[in-house]
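So you know, we letter chains A, B, ... as the sequences are listed, proteins then strands, and number each from 1.
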Number of protein chains: 2
Amino acid sequence: MSATQEDYIKVLFELGGKSRNVSNKSVAERLELSPPTVTEMMNILVTAGYVEYVKYKGASLTDSGTRYAKHIIRKHRLWEVFLVEKLGISIDAVHREAELLEHVTGDDVADKLEVFLDYPKFCPHGGAIDFDEMDRQETELKTLSEVEVGRTVKISRIIDEEKLLMFFKTQKCDIGDILVVEDVDEQIDLITTYNKTKDQRLQLSLSISKYLFVETA
Amino acid sequence: MSATQEDYIKVLFELGGKSRNVSNKSVAERLELSPPTVTEMMNILVTAGYVEYVKYKGASLTDSGTRYAKHIIRKHRLWEVFLVEKLGISIDAVHREAELLEHVTGDDVADKLEVFLDYPKFCPHGGAIDFDEMDRQETELKTLSEVEVGRTVKISRIIDEEKLLMFFKTQKCDIGDILVVEDVDEQIDLITTYNKTKDQRLQLSLSISKYLFVETA
DNA sequence: AACATACTTTAGGTTTGCCAAAATTAATAT
DNA sequence: ATATTAATTTTGGCAAACCTAAAGTATGTT
């Protein structure tokens, strides 16, 4: 598989393609490609056995495709751990680098990297490295924007999104922090929470909070 | 520059393109491509300013091309050190892995990798990581096959060539070993040496000895 | 039921990097 | 000087991945 094709598989996984049909449009947006290009590639990935595709409905991953996606994502996250912990590269830069490294990493190198890093459980953004834990995160995590007012949650994982990373850096907010959701105002696109761990009020835009995954604390 | 183009630049450097014209044929053989493909790419690299090309004569690297080649080779060798020293991957496997990693490594990552590895001077095959030392190796090293009978030399660097690596492994021969050249027999393609460091006779095929670089001990 | 909208697909075209076959050039030998 | 040989270049083509424009389909609205 080419790096290009691996990117499609990965995006399908990230958009929930394990269980539902993912639209070509959303894949196109994510990869910054035109929709026709995506249609074309989906047919190729069907032939390769990684994707099931229903015309005009969208794509879902086969078991083989899901496995493949997890392998790439594992490599991506192992490299992120390495880049942050061993090389000291800033967390907002590692994603871009890992995005490239993931495609040129043999299974043997990945396994040995995992040993060298002493079996890390999560990447710097909180994403699971273990396949089963990936599954658990997918079923049990929801975005902060979906949490009901009054609930207490733990920040488990963030999507690498420049605005959100900036927010985390300036607000001194971390993965593992406990938040109480105090108010959600769709009108002004604002969610108000209280960060118990850091003992401070935390407000952020609802649209950005879609990139922040939490679980019931 | 694409990874493909970087490979051309690197091969030109390795074939001495800094100082002499390298034939398209030799580049084609090295990269396992057809000669027309090489001709075509040379024109592209001329336009990009990395190569000077004289029709029917061959290509040489411009200063810019030479610098570029060194940057890639440095990344390649840093990764090799990492793979061997930190991950414990066998020396005959690292070249292939580094061949891919070198193209997706930003300058910042390379610099921090070098710090992390504590400024290694050489890759596991003896290739220099420092630019000046690369120059020195290029001018001062010659292949074992070129050494006159009776001379004493030090093994400085080996080219990643499966046969030679196998030979090194089975013969317990290492970079740094001191050899005395006892006999060269072109007829039977054999060079006979005495490994002072290991105190043993060492015979190898002349054709393989072209991949073994030495300097006057 | 007809229409508007939003998405998907088809059709035709581009770029990059590759190839084989044929023509050209350079170098060498006669 | 000519002929042979070896390398290079030209020519025409192909595949992967991308694009835009136009046609087709699904869905929800009136």
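Each of Arg151(A), Arg136(A), Arg157(A) was evaluated against Glu215(A); a single residue qualifies, Arg136(A), per the salt bridge (Lys or Arg N to Asp or Glu O under 4.0 Å) test. Each of Val81(A), Ile89(A), Ile175(A) was evaluated against Pro124(A); a single residue qualifies, Val81(A), per the side-chain contact (heavy atoms from CB on, under 4.5 Å) test.
Protein atom OH of Tyr56(B) is 13 Å distant from nucleotide atom C1' of dA6(D), rounded to whole Å. Rounded to an integer number of Å, the gap from Leu33(A) CG to dT20(D) P is 11 Å. In this structure, Tyr8(A) atom OH and dA17(D) atom C1' are separated by 7 Å, rounded to whole Å. With rounding to whole Å, Lys57(B) atom NZ is found 15 Å from dT9(D) atom C1'.
Put simply, chain A comes within 4.0 Å of DNA chain C, heavy atom to any atom, from dC7(C) to dT10(C), going 5' to 3'.
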Just do the salt bridge (charged side-chain N to carboxylate O under 4.0 Å, His left out) check on Lys210(A) and Glu146(A) with the steps written out, would you?
CA-CA 8 Å; Lys210(A) 286 184 179 118; Glu146(A) 295 163 342; over 6 Å; no
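Residues Glu80(A) and His76(A) are in side-chain contact: their nearest non-hydrogen atoms beyond the backbone lie under 4.5 Å apart.
Between His95(B) and His125(B), the ring-plane angle classifies as perpendicular under the 30° and 60° cut-offs. Classification of the Tyr68(A)-Tyr50(A) ring pair by plane angle, with boundaries at 30° and 60°, yields perpendicular.
A side-chain donor-acceptor contact under 3.5 Å links Tyr53(B) and Asn24(B).
Counting heavy-atom neighbours within 6.0 Å of Lys154(B) NZ, excluding the residue itself, gives a total of 12 or less.
Between Ser34(A) and dC19(D) there is a side-chain N or O to OP1 or OP2 distance below 4.0 Å. Between Asn24(B) and the phosphate of dT9(D), there is a side-chain N or O to OP1/OP2 separation shorter than 4.0 Å.
Along DNA chain C, the nucleotide nearest to Pro36(B) and the one nearest to Val38(A) differ in position, and the one closer to the 5' end is contacted by Val38(A). Heavy-atom nearest nucleotides on DNA chain D were determined for Pro35(A) and for Ser26(B), and the one closer to the 5' end corresponds to Ser26(B).
In this structure, Lys163(B) is not positioned above the aromatic face of Tyr211(B) in the sense of NZ or CZ being under 6.0 Å from the six-membered ring centre and within 45° of the axis.
Residue Thr37(B) is classed as a base contact, given a heavy-atom separation below 4.0 Å to a base.
For DNA chain D, the residues of residues 39-53 of chain A within the heavy-atom distance limit of 4.0 Å (strictly under) are Glu40(A), Met41(A), sorted by number.
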